Amino acid sequence: MANMYLSPKEITEEYVAIGQKKASTPAYKLFILGILAGALIAFASEGSNVAIHTLDSVGLGKLLAGIIFGTGLMMVVITGAELFTGNTLIVISCIEKKVRWLDMLRNWVIVYLGNFIGALTIVMFIIYSGQLDFSGGLLGGFTIKTAVYKTGLTFSQALLMGIMCNWLVCLAVWMAAAAKDIAGKVLAIFFPIMLFITSGFEHSIANMYYIPAGIIAKMNPVWVEQAEALGVTAAKLAHLNWESFIVNNLIPVTLGNIIGGSLFVGVFYWLGTLYKGRPAAAERTDRLMPGKLDNAWAKSK
C-alpha cells in the first residue's frame, strides 16, 4: 500500500517544483490569486476577533482564536490562492537554481500587493456592514485595542514575533504538502496555526486586516468609547495611524516573516534533505592518491 504522505526529502523536492510554477505564473494571475488569499486571511482574522471579543481570559481567547484562524490558511492552500508568507519557500527553488532570484522577488511583490488589496477589501466590508457594532460596539472597541497593541510593539519585538510566526506558518504549509488528501492537509495546517495564534506571534498579511480595521474604526465615537473602556488611552489611540502601521508593524513583521519562512524552514530543510555537502572522506582521499597526483603533475608540465 502506497504511503498517504511524502517523506521529508520528497516534500523539499515537491517545493522545488512548486516554486518553479509560482515563479513562472503570469503577473495578472498572481495578483488575482493574491487578492483572494488576502481576503481569506482577513476573513479568518475578523472571525477570530468576533469569537473572542467578549472573553476576559487572554489565554483562552488566543486559544479560541487559534482554533478559528487556521481556517484561513486551509482555504488558501486547498483553493490554490497565493499567500506571500507561504511563498517565502520559493527560496528553495532559487538555491536549487531552478528559479532566478529576481523572479522570486517578482512573485513576492505582486502577491504581497494582492494580499494587501484583498485584506483591505474585507476591512471595508466589515466596517460598513456594521459588524463592529456587535455587543453594543464592544467588537469595534476590541478591534481598536488589537490594532493599538500591534502598533505599539518595538521594531525588535515585531521582527522576532514575525520570525516565529512564519516559521510555524511555513511548517503548516510544508506539512500540508506532505499529505495527499484534503483531510491530511487540514490536520497538518490546524495545529501549527493554532500554536502561532495562541502564542501571539505576528503575521504581516493578517495584520493587513487587524490594523487598518482598527485605524478606520477610530472614526466611530461609540467604538472609541468602548476601546477606552478596555484600557486604550488617548495617547495610544493617537499613535494608531497609517504611519505607525507601516513603520512599527508592517515593515519589521514582513522582514521577520521572510526570515522565518525562507531561512528557518526553506533553507534549513534544504540543507537537511537535498544539500549534498562536501565530498565524503573516502572520495577526497581517492583524489589525493599518489598515482593521481603524478598524473595531475605530468599534465601540468
Side-chain angles (χ1 to χ4, degrees), residues 37-79 81 83-86 88 115 118-119 122-123 126 131-132 134-135 138-139 141-153 157-179 182-214 230 249 253-254 256-257 260-261 264-265:
L40 295 177
I41 295 300
F43 275 127
S45 302
E46 63 83 15
S48 299
N49 273 356
V50 173
I52 69 174
H53 77 280
T54 58
L55 294 181
D56 293 327
S57 171
V58 174
L60 289 177
K62 287 187 177 298
L63 176 61
L64 179 57
I67 292 171
I68 294 170
F69 189 87
T71 308
L73 188 60
M74 292 173 195
M75 292 188 291
V76 167
V77 170
I78 294 170
T79 65
L83 185 64
F84 165 75
T85 46
T88 58
N115 291 167
I122 302 305
V123 168
I126 293 300
Q131 189 204 56
L132 297 188
F134 282 9
S135 307
L138 181 60
L139 179 57
F142 183 81
T143 300
I144 294 172
K145 181 182 178 181
T146 300
V148 164
Y149 162 75
K150 289 178 177 293
T151 54
L153 297 171
Q157 286 174 328
L159 177 73
L160 291 172
M161 287 200 280
I163 290 173
M164 292 185 285
C165 162
N166 212 34
W167 191 336
L168 290 172
V169 170
C170 282
L171 278 176
V173 173
W174 193 265
M175 291 163 60
I182 289 180
K185 292 181 184 297
V186 166
L187 286 172
I189 291 169
F190 177 81
F191 292 101
I193 299 303
M194 179 181 67
L195 179 57
F196 126 59
I197 293 291
T198 303
S199 301
F201 300 147
E202 294 288 311
H203 189 272
S204 58
I205 311 305
N207 287 352
M208 291 174 182
Y209 170 81
Y210 285 124
I211 301 176
L230 291 172
N249 189 280
V253 170
T254 299
N257 288 169
F264 288 102
V265 180

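All values reported here derive from a predicted model rather than from experimental measurement.
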- Task: Pick out which of Asn49, Thr143, Ile126 makes a side-chain contact (heavy atoms from CB on, under 4.5 Å) with Gln131.
- Result: Ile126

- Item | Interatomic distance, Phe69 atom CZ to Ser48 atom OG [nearest 0.5 angstrom] | 6.5 Å

- Item | All pairs passing side chain to side chain donor-acceptor pair (under 3.5 Å) where residues 165-178 contributes a residue, at least two apart | Thr88-Asn166

- CZ on Phe142 to CG on Leu230, rounded to 0.5 Å: 8.0 Å

- Message: Using 0.5 Å steps for rounding, measure from the CZ atom of Phe43 to the OG1 atom of Thr71.
- Response: 12.5 Å

- Message: I need the Leu153 CG to Thr151 OG1 distance, nearest 0.5 Å.
- Response: 8.0 Å

Which donor-acceptor pairs under 3.5 Å do the side chains of residues 53-65 make with protein atoms, sequence neighbours left out?
from: His53; atom 1: ND1; to: Val50; atom 2: O; distance (Å): 2.8
from: His53; atom 1: NE2; to: Ser135; atom 2: OG; distance (Å): 2.7
from: Ser57; atom 1: OG; to: Leu60; atom 2: N; distance (Å): 3.2

- Message: Restricting to non-hydrogen atoms, name the atom on Gly214 and the atom on Ala147 that form the minimum distance, rounded to 0.1 Å.
- Response: CA-CB, 3.8 Å

- Min side-chain heavy-atom separation Leu83-Val77 under 4.5 Å: no

- Query: Looking only at heavy atoms, which two atoms of Phe84 and Asn115 are closest? And how far apart?
  - Reply: N-OD1, 2.9 Å

- Message: If I take atom CG from residue Leu40 and atom OG1 from residue Thr79, how far apart are they, to the nearest 0.5 angstrom?
- Response: 5.5 Å

- dist Leu73:CG -> Lys185:NZ (nearest 0.5 Å) comes out at 11.5 Å

Taking only distance into account, with no hydrogens and no angle test, what donor-acceptor pairs under 3.5 Å do side-chain atoms of residues 187-206 form with protein atoms, sequence neighbours excluded?
from: Thr198; atom 1: OG1; to: Met194; atom 2: O; distance (Å): 2.6
from: Ser199; atom 1: OG; to: Leu195; atom 2: O; distance (Å): 2.7
from: Glu202; atom 1: OE1; to: Lys150; atom 2: NZ; distance (Å): 3.3
from: Glu202; atom 1: OE1; to: Asn207; atom 2: ND2; distance (Å): 2.7
from: Glu202; atom 1: OE1; to: Asn249; atom 2: ND2; distance (Å): 3.2
from: Glu202; atom 1: OE2; to: Lys150; atom 2: NZ; distance (Å): 3.1
from: His203; atom 1: ND1; to: Ile205; atom 2: N; distance (Å): 3.4
from: His203; atom 1: ND1; to: Ala206; atom 2: N; distance (Å): 3.1
from: His203; atom 1: NE2; to: Thr85; atom 2: OG1; distance (Å): 3.1
from: Ser204; atom 1: OG; to: Asn257; atom 2: OD1; distance (Å): 2.9

- Item | Whether over 12 other heavy atoms sit under 6.0 Å from Ile182 CD1 | no

- Task: With the side chain counted from C-beta on, respond yes when Ile78 and Val186 share a heavy-atom pair under 4.5 Å apart, and no when they do not.
- Result: yes

